[in-house]
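What follows is a set of notes on a single structure, which appears directly below.
Just so you know, these numbers use all the heavy atoms, side chains as well, and skip hydrogens, waters and symmetry mates.
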Amino acid sequence: QVRLVESGGGSVQAGGSLRLSCAASGSIFSIKAMGWYRQAPGKQRDSVADITRSGATAYADSVKGRFTISRDSASDTVYLQMNSLKPEDSAVYYCFCNTDPWGTIWGQGTQVTVSS
């Protein structure tokens, strides 16, 4: 079974940095896009950043200029460098991989906690 393994979450002070990683493993598939959503308690799951097959990137307005998404296509791994973290960035971050033909696959989630 294809799965996504996330790592890199943790607890930091406001202004600190974390780097998330997400690696796809299992069956061979074609990747259309990879990225992260995040969900805080009582809130909806919102898109954070993604990168497409072509290399185009997109960011939520709330993280633009602070977060950077990158990829290693050879290993089907994506990274999210998160700088200048704010308490409102605290959430569970879920990696996703949009594939052909399997649709969207989700990682297990990793907790990011930013203290003021």
Side-chain angles (χ1 to χ4, degrees):
Q1 182 178 10
V2 176
R3 66 173 185 161
L4 301 177
V5 179
E6 299 184 59
S7 62
S11 298
V12 297
Q13 296 272 53
S17 297
L18 288 170
R19 191 190 192 200
L20 306 183
S21 65
C22 178
S25 63
S27 301
I28 298 172
F29 51 84
S30 177
I31 298 172
K32 295 179 179 179
M34 294 184 70
W36 274 267
Y37 279 62
R38 66 187 182 186
Q39 187 168 27
K43 297 184 178 180
Q44 67 182 22
R45 185 176 296 189
D46 292 327
S47 178
V48 178
D50 61 71
I51 185 165
T52 69
R53 177 185 293 168
S54 69
T57 59
Y59 300 91
D61 287 343
S62 58
V63 307
K64 196 173 184 65
R66 299 186 296 119
F67 291 11
T68 303
I69 189 168
S70 60
R71 66 179 180 180
D72 180 350
S73 296
S75 61
D76 291 330
T77 301
V78 293
Y79 303 92
L80 186 67
Q81 180 66 46
M82 306 187 295
N83 297 326
S84 301
L85 283 162
K86 304 174 180 179
E88 51 262 46
D89 296 318
S90 297
V92 178
Y93 284 67
Y94 295 94
C95 179
F96 76 89
C97 178
N98 185 251
T99 67
D100 184 12
W102 309 118
T104 302
I105 301 168
W106 294 95
Q108 81 280 7
T110 185
Q111 178 70 51
V112 171
T113 302
V114 184
S115 301
S116 62

Handout entry: Short side-chain donor-acceptor distance under 3.5 Å, Ser17 and Asn83
Key = yes
Problem - For Ser30 against Arg53, the heavy-atom pair lying closest together - result: OG-NH2, 2.5 Å
Practice task
Could you label the plane-to-plane angle of the Phe67 and Tyr93 rings as parallel, tilted or perpendicular, counting under 30° as parallel and over 60° as perpendicular?
Solution key: tilted
Problem - Lys NZ or Arg CZ of Arg71 over Tyr79 ring: under 6.0 Å, within 45° - result: no
Practice task
Taking the six-membered ring of Trp106 (Phe, Tyr or Trp), confirm whether the NZ or CZ of Arg3 is under 6.0 Å from its centre and within 45° of its axis.
Solution key: no
Exercise for the section: Spell out, with a plain yes or no, whether Cys22 and Cys97 have SG atoms under 2.5 Å apart. Expected result: no
Exercise for the section: Walk me through it: do Thr99 and Ile105 pass the test side chain to side chain contact (heavy atoms under 4.5 Å, CB included)? Expected result: CA-CA 8 Å; Thr99 67; Ile105 301 168; 4.1 Å; yes
Practice task
Look at the side-chain heavy atoms of Ile, Leu, Val, Met, Phe, Trp and Tyr, link any pair under 4.5 Å apart, and say whether Val48 and Ile51 land in one connected group.
Solution key: yes
Problem - Joint hydrophobic cluster, Val63 plus Val78, side-chain heavy atoms closer than 4.5 Å - result: yes
Practice task
Could I get the full list of salt bridge (Lys or Arg N to Asp or Glu O under 4.0 Å) partners for Arg66, not counting sequence neighbours?
Solution key: Asp89
Partners meeting side chain to side chain donor-acceptor pair (under 3.5 Å) with [X] (sequence neighbours left out):
X	value
Arg19	none
Gln13	none
Ser47	none

Handout entry: Full working for side-chain hydrogen bond (donor to acceptor under 3.5 Å, both in side chains) between Thr77 and Asp72
Key = CA-CA 5 Å; Thr77 301; Asp72 180 350; 5.7 Å; no
Side chain proximity check, [X] to [Y], heavy atoms < 4.5 angstrom:
X	Y	result
Asp100	Lys32	yes
Trp36	Leu20	yes
Phe96	Met34	no
Leu80	Thr68	no
Ile31	Asp76	yes

Practice task
Calculate, to the nearest 0.5 Å, the distance between atoms CD and CD1 belonging to Gln81 and Ile69 respectively.
Solution key: 12.0 Å
Fill in the blank from the handout: Quick note, side-chain hydrogen bond (donor to acceptor under 3.5 Å, both in side chains) partners involving residues 55-65, not counting sequence neighbours, are Arg38-Ser62
Identify every side-chain donor-acceptor pair in residues 109-116 under 3.5 Å, counting partners at least two apart or on other chains, and give the distances.
| from | atom 1 | to | atom 2 | distance (Å) |
| --- | --- | --- | --- | --- |
| Thr110 | OG1 | Gly9 | N | 3.3 |
| Gln111 | NE2 | Ala91 | O | 3.3 |
| Gln111 | NE2 | Thr113 | OG1 | 3.4 |

